[in-house]
Amino acid sequence: MFFEFQPFLDGIKFFRNFVRCDRHTCVVCRDKNKPFQQQFAFCDCLFYRNPTFAPRFTIHQFTNSPIHQQRMTEQELLRRESLQKLRELGIEPYPAEMFEVTAFAADIVANYKEEVLDDGTRNRLNYREVALAGRIMASREAGKAMFMNLQDSSGRIQLYLRRDDFANAETGDAPMFDTVIKKLLDLGDYAGVKGFAFKTKTGEVSVHVQDFKFLAKSLRPLPVVKKDAEGHVYDAFTDPEQRYRMRYVDLTVNQEVRETFIKRSKIIRTIRAYLDELGLLEVETPILQPIHGGAAARPFKTHHNALDMPLYLRIANELYLKRLIVGGFDGVYELGKMFRNEGMDRTHNPEFSMLEFYVAYKDYHWLMDVTERMLERVARAVSADGGSVIKAGEHDIEFAGPYRRLTMFDAIQQYTGLNVETAGEPELRNYCRQNGIEIDATMGKAKLIDEIFGEKVEGHLIQPTFLIDYPVEMSPLTKKHRSKPGLVERFELFVNGKEVGNAYSELNDPLDQRERFEEQLRLAARGDEEAMAMDEDFLRALEYGMPPTAGIGFGIDRLTMLFTGQTSIQEVLFFPQMRPEAGER
RNA sequence: GAUCUCGUAGCUCAGUCGGUAGAGCACUUGACUUUUAAUCAAGGAGUCAUGGGUUCGAGUCCCAUCGAGAUCACCA
């Protein structure tokens with residue numbers, strides 16, 4: 001016999017392994033000598049503790065289905081119990097009707113006013129009738145009174161409840177207070193409360209609750225993060241894996257995480273407003289593309305069944321936006337997701353957000369001016385004081401223009417003393433070898449320059465810096481420099497040692513563009529998986545004629561990291577890509 | 001992809017030389033009608049990531065796997 005009935009009837013405590021079957025809460029007594037499938041569960045739903053509810057046993061044979069193997073903790077079981085008990089008492093834990101909210105926690109805390117009258121009583125001047133809704137995040141019982149913290153989207157406010165307010169005038173019974181609120185309410189439950197604002201003896205603005213309503217029961221315990229008077233945080237929910245996998249918990253419990261994402265939204269809104277003011281048209285272009293172009297990266301590949309053809313998730317939208325310029329729009333922009341099938345790390349997520357905009361009859365100098373104005377505006381929108389300075393680690397970064405403009409060759413000269421313009425390839429190779437920069441035989445002069453730059457210069461560019469005039473080999477879509485042979489009219493913007501934007505005067509010479517594509521094809525033939533594919537339709541568009549155009553792309557996620565002081569891209573994406581959890585595969 | 005570090009209660013973490021699994025908060029029961037990291041008393045809660053191995057005995061040592069983080073590589 002591997003289980004006995006009597007201890008089960010006496011109480012749950014004899015059993016340690018709880019599982020959930022598809023319909024009920026179960027208790028299973030496991031016999032480790034038998035295979036899992038042969039172990040049995042008792043299933044009587046939620047009232048095994050209450051003697052008035054005769055256990056309704058069903059004995060289930062286990063299957064291996066994952067749902068059978070989901071074990072519940074004691075606290076989860078108790079919450080299911082209180083859910084069931086609420087229903088028994090005629091209280092719906094998940095009501096359907098609206099709860100009309102008339103006030104927010106932060107507003108009451110900030111704006112509540114009262115006056116002290118001559119006789120010492122207090123006269124409440126506002127918030128005399130409020131209804132607010134949110135999660136109950138803390139609760140402190142003090143005899144026949146109770147304090148809670150309610151958290152809504154604006155912040156937290158203390159609630160004060162008195163047994164007297166819920167007592168029956170004749171009988172003195174207060175089941176709503178004694179049983180429902182005191183026993184069946186759990187931390188994390190959503191509640192709607194009605195009452196009035198007041199100040200407690202200790203001066204905290206609170207809501208005296210006269211009416212309490214369950215809006216949604218929470219069946220899992222939230223991490224309880226506490227803060228003391230000095231601001232020390234206890235038991236913070238910090239494990240990055242859990243925070244990213246369960247962002248809803250992270251957002252509930254960690255207020256500063258919410259702030260980061262509110263800032264992200266503000267950054268995007270500010271950019272959009274600025275570009276709209278410039279008169280650009282916001283557009284949407286295909287995410288599913290038959291030819292992935294516009295950048296050097298490996299794509300995600302998928303398949304369209306009806307057309308029976310491969311499609312790629314876009315790695316860039318550049319070629320489509322230029323087609324729109326060909327079509328006669330003076331300026332277009334798109335804010336959207338790009339997808340690159342590459343490694344993941346602190347600054348790379350497989351899907352990420354880009355802003356690209358293209359404006360006809362402009363060049364890259366104009367783009368630099370626009371960039372300065374746009375970023376200054378974003379900085380002022382997100383900084384605490386409305387100023388243009390943003391703190392990034394130990395650096396104060398000034399976003400008000402003009403930014404330093406430095407040619408790539410000058411930058412390298414300045415930080416290494418190397419004159420790459422006059423230096424030959426062997427000299428550059430020597431330099432790399434002496435400075436521990438990894439190179440291989442296939443690298444041409446342009447690639448070597450890029451390596452030296454990345455290794456020796458990039459990290460020094462803390463204040464916003466436009467790095468201009470790149471070698472032509474690295475930029476297959478960029479117009480040749482108006483006066484410097486071998487270079488293109490391109491800049492990248494570096495801030496805090498990282499690239500945040502990439503821009504150029506667009507190549508609009510269709511014959512030159514065809515040659516550049518052909519060069520890319522040669523790279524692809526040599527095994528370069530990131531080389532661009534020939535896009536005949538794009539060339540056809542250019543042949544119809546594209547006006548001189550300036551175009552720029554910004555990594556919105558990295559921009560957000562910069563403006564929110566985050567060092568990991570995962571902190572600025574609600575749901576960063578993760579490997580599947582155990583059991584999800 | 002490589003290397004290092006980590007995975008113990010719902011959360012944050014201890015766990016000595018290999019010898020019965022620990023704390024605070026959370027939870028349960030009780031007391032308290034202005035508390036606030038509420039307090040006081042008592043109690044319960046664990047597949048020590050997973051699977052193997054060594055051993056009389058493994059949270060601890062070894063191997064593999066899974067997941068996470070950091071560094072590097074890759075990456076316009």
Side-chain angles (χ1 to χ4, degrees), chain A residues 11-13 16-18 30 32 49 69 71-79 81-82 138-149 156 158-165 167 177 183 186-188 198-204 206 208 218-245 249 253 294-298 315-316 318 340-348 350 438 446-447 450 453-454 470 474-478 490 492 499 501-504 529-530 532 553 555 567-568 570 578-585:
Chain A
I12 194 77
K13 62 185 165 193
R16 292 195 163 182
N17 298 298
F18 307 114
R30 293 179 63 174
K32 297 202 168 161
R49 286 191 161 188
Q69 295 177 22
R71 295 165 56 255
M72 273 198 282
T73 65
E74 186 188 29
Q75 292 191 45
E76 287 176 280
L77 279 170
L78 285 163
R79 281 166 182 246
E81 253 184 68
S82 44
S139 131
R140 298 175 288 283
E141 283 176 39
K144 295 187 173 56
M146 221 176 154
F147 295 89
M148 300 177 190
N149 291 342
R156 289 189 182 191
Q158 175 166 273
L159 306 180
Y160 172 61
L161 292 87
R162 257 186 353 189
R163 185 176 186 275
D164 294 350
D165 296 328
F177 186 88
K183 303 280 182 199
D186 293 303
L187 294 188
F198 76 112
K199 254 187 200 172
T200 63
K201 222 160 56 178
T202 53
E204 177 158 353
S206 309
H208 188 129
S218 166
L219 296 181
R220 289 173 185 259
L222 286 168
V224 176
V225 181
K226 293 195 173 185
K227 221 189 261 181
D228 68 14
E230 280 104 58
H232 296 126
V233 177
Y234 298 82
D235 301 334
F237 180 58
T238 51
D239 178 357
E241 177 172 2
Q242 300 219 63
R243 287 184 46 232
Y244 303 150
R245 285 195 198 283
V249 174
V253 148
R298 298 220 305 271
I315 57 173
E318 170 162 355
R340 295 187 184 176
N341 204 345
E342 289 170 347
M344 291 162 56
D345 61 28
R346 230 176 36 252
T347 55
H348 295 81
E438 273 184 50
K447 184 74 186 161
D450 194 52
F453 173 78
Y470 283 63
M474 315 287 299
S475 315
L477 302 167
T478 308
R490 169 179 175 189
E492 290 187 319
E499 184 211 328
N502 179 23
Y504 34 86
E529 287 185 77
E530 296 181 338
M532 285 186 207
T567 54
S568 163
Q570 297 167 108
M578 302 285 276
R579 287 201 163 79
E581 280 180 85
E584 271 187 2
R585 297 161 168 263

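Letters A, B, ... mirror the listed sequences (proteins, then strands); counts begin at 1. Since we're looking at a predicted model, the values are computed, not measured.
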Within less than 4.0 Å of OP1 or OP2 of C25(B), is there a side-chain N or O belonging to Lys227(A)? no
Need one value for Ala236(A): base, sugar-phosphate or nothing, where a base atom within 4.0 Å counts as base even if backbone is also close, heavy atoms only. sugar-phosphate
Has Arg490(A) got its NZ or CZ under 6.0 Å from the middle of the six-membered ring of Tyr470(A), at an angle within 45 degrees of the ring axis? yes
Go through U33(B), G24(B), C13(B) for me and flag the one nearest to the Ala145(A) side chain. U33(B)
Does Asp235(A) get its side chain close enough to the base of G24(B), under 3.5 Å, for a donor-acceptor pair? yes
Does any N or O donor sit under 3.5 Å from an N or O acceptor when you compare the side chain of Glu241(A) with the base of G67(B)? no
With a 4.0 Å cutoff (strictly under), does any side-chain N or O of Arg579(A) reach OP1 or OP2 of G67(B)? yes
Tell me what Phe198(A) touches on the nucleic acid: a base, only sugar-phosphate, or nothing, going by heavy atoms under 4.0 Å. base
Taking all atoms of both residues into account, what is the closest heavy-atom pair of Asn502(A) and Glu492(A), and its distance? OD1-CG, 3.5 Å
With a 4.0 Å cut-off on heavy atoms, is Pro476(A) in touch with a base, just the backbone sugar-phosphate, or nothing at all? base
Just call it for Tyr504(A): base, sugar-phosphate, or nothing, with non-hydrogen atoms closer than 4.0 Å on any strand. base
Hey, are the side chains of Val249(A) and Leu222(A) touching, using non-hydrogen atoms and a 4.5 Å cut-off? yes
Is Lys226(A) close enough to A38(B) that one of its side-chain N or O atoms is under 4.0 Å from OP1 or OP2 there? yes
Contact under 4.0 Å: Gln158(A) side-chain N or O vs U35(B) OP1/OP2: no
According to a strict under-4.0 Å criterion, is Lys199(A) in side-chain N/O contact with OP1 or OP2 of U34(B)? no
The nucleotide from C32(B), C13(B), C27(B) with an atom nearest the side chain of Gln75(A) is C27(B)
Which nucleotide wins on minimum distance to the side chain of Arg140(A), given the candidates A37(B), C74(B), U35(B)? U35(B)
Are OP1 or OP2 of U71(B) and a side-chain N or O of Arg346(A) less than 4.0 angstrom apart? yes
Using a distance-only criterion (donor-acceptor N/O pair, under 3.5 Å, no hydrogens), is the base of U35(B) paired with the side chain of Thr200(A)? yes
Would you please confirm or rule out a distance under 4.0 Å between OP1 or OP2 of G69(B) and any side-chain N or O of Gln570(A)? yes
Would a 4.5 Å heavy-atom cut-off, applied to side chains only, mark Met146(A) and Ser139(A) as touching? yes
